[in-house]
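Report on the structure given below.
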Amino acid sequence: MIGSILETIGRTPLITIPNTNTKHEGQVLLKYERYNPGGSIKDRPALFIIQEAERRGWLHPGGTIIESSSGNFGISLAMIGAAKGYRVVILADPKTTGANLALLRGFGAEVIIVTEQDDSGSYHKTRISLANKLAGEIDNSFRPDQCFNLLNSEAHYRSTAREILEACPGKLAAFVTAVSTGGQLGGISHYMKIYAPEVQIIGVDAVGSTIFGGESDAYRIPGIGLSWTPVNLNLNDIDCAYKITDEQAFVAARAFARNEGILMGPSSGACALVALKTAQELAPGERVVCMVSDGGERYIQTLFNEEWMGEQIFAASVGAEELRTMARRLQPWSVRPNYRPDLVQSLGVPETTLHMNRDSGRLARQSTE
Ligand SMILES: Cc1ncc(COP(=O)(O)O)c(C=O)c1O
């Protein structure tokens with residue numbers, strides 16, 4: 001018997017894509033994070049950070065959790081808050097989908113929609129500064145701070161990365177995941193560089209995001225991208241990166257639903273497309289693990305809405321062969337660092353985050369330098 005819903009987080013399966021992947025190339029294995037109880041990979045860092053905050057005395061019974069999130073991390077915190085009895089306040093933005101808002105409120109979280117755009121045209125910086133300001137004003141509150149708290153990547157170092165290597169001992173050639181806060185890519189790449197340095201580490205970002213450098217522009221892939229390189233990600237641990245267009249991400253996610261029966265969000269469509277490209281360059285018997293950070297239900301009104309797809313002028317459906325051609329044509333992006341140590345001060349990163357980062361010395365890097 002399981003004591004609490006929170007005990008079901010992690011230990012997600014690896015799934016093959018036999019209708020898309022051929023026998024003459026490497027094998028794609030999707031790490032299917034939709035099976036976490038909050039529906040996404042973000043359950044892992046959310047629980048880890050909350051447990052650490054409780055252990056270190058930063059979060060007390062009756063406390064309030066305040067976070068900036070337009071999607072999955074907020075939903076995970078809302079679920080954890082409901083299970084543990086904390087008040088949860090989430091700062092979302094106009095891009096947050098109706099489904100995500102409903103889930104947040106369903107778990108009892110209070111939602112504040114931040115409408116002011118930042119200097120890159122997104123809402124990350126305005127949401128973060130407001131969350132930091134509120135955390136200073138609300139008594140007995142705690143900011144998990146997924147963007148600046150190194151415990152985010154530490155969570156993946158301790159759980160996700162270990163699960164992957166335990167499931168594929170000695171047979172893993174490459175690892176692919178998407179990046180926003182850098183939690184998954186930063187934590188898993190760091191683990192692999194220590195315990196399986198032969199694994200090629202591949203990051204996936206959106207065209208228009210500047211995590212790996214380049215020009216900033218608007219993009220529609222939810223959950224991916226940032227206008228700077230996050231402190232949770234050490235670019236020295238990355239071997240290769242791709243930037244994926246909105247159309248490639250949405251079309252790929254829809255193709256995996258139709259051709260394989262696997263629901264995934266657009267960020268995972270982008271990753272799975274890159275994983276397919278990687279597999280095409282590997283020999284049979286070699287494996288590439290690709291994170292599928294969430295499922296497709298959260299995107300019913302966009303990804304699985306043909307009218308919406310038509311309005312974006314995105315192709316509505318492609319078969320496995322066309323998807324394979326799309327993958328083959330992808331070209332790697334040449335990475336340039338875009339770290340912004342100045343943001344710690346200008347966004348008012350809370351002392352608790354800096355303190356936690358000093359404590360977790362193993363990963364402490366740019367944020368405290
Ligand atoms: C669906 C989805 N994919 C990918 C990511 C990127 O993960 P990370 O923030 O760990 O870099 C996120 C983050 O919110 C996400 O929600």
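When a ligand or atom number is given, it counts from 1 through the structure's own listing order.
Below 30°, between 30° and 60°, or above 60°: for F250 and F314 the angle between ring planes is between 30° and 60°, a tilted geometry. Classified by interplanar angle (parallel below 30°, tilted 30° to 60°, perpendicular above 60°), the ring pair Y191/Y195 is tilted.
Ranking protein heavy atoms by distance to atom 7 (O) of ligand 1, first place goes to Q184 NE2, 3.0 Å. Looking only at protein heavy atoms, the nearest one to atom 16 (O) of ligand 1 is N72 ND2, 2.9 Å. In terms of protein heavy-atom proximity, atom 11 (O) of ligand 1 is nearest to S180 N, 2.7 Å. The single protein non-hydrogen atom nearest to atom 8 (P) of ligand 1 is T181 OG1, 3.4 Å, given as residue, atom name and distance. At the top of the distance list for atom 2 (C) of ligand 1, counting protein heavy atoms only, stands S267 OG, 3.4 Å. Of the protein's non-hydrogen atoms, the one nearest atom 15 (C) of ligand 1 is G223 O, 3.4 Å. Looking from atom 14 (O) of ligand 1 to the surrounding protein, the closest heavy atom is K42 CE, 3.1 Å.
Using a 4.5 Å cut-off on side-chain heavy atoms (C-beta onward), T278 and I202 make contact.
For ligand 1, the atoms closer than 4.0 angstrom to any heavy atom of D294 are 1 (C). Interface of G183 with ligand 1, defined as ligand atoms under 4.0 Å from a residue heavy atom, comprises 8 (P), 10 (O), 11 (O).
Using a 3.5 Å distance cut-off with no hydrogens or angles, the side chains of E116 and T126 do not pair a donor with an acceptor. Side-chain contact, T353 with D145: a donor N or O sits under 3.5 Å from an acceptor N or O. Donor-acceptor pairing under 3.5 Å is recorded for the side chains of R298 and N72.
Other residues, nucleotides and ligands contribute only 12 or fewer heavy atoms inside 6.0 Å of the CG atom of D139.
Side chain of T177 to backbone of M291: no donor-acceptor contact under 3.5 angstrom is found.
By the 4.0 Å heavy-atom criterion, I224 is excluded from the residues contacting ligand 1. G71 does not count as a contact of ligand 1, since none of its heavy atoms falls under 4.0 Å from the ligand. At least one heavy atom of V179 sits less than 4.0 Å from an atom of ligand 1.
A ring-centre distance under 6.0 Å is not found for W308 and Y299.
Inclusion of Y299 in the set of residues having an N or O under 3.5 Å from an N or O of ligand 1 is not warranted.
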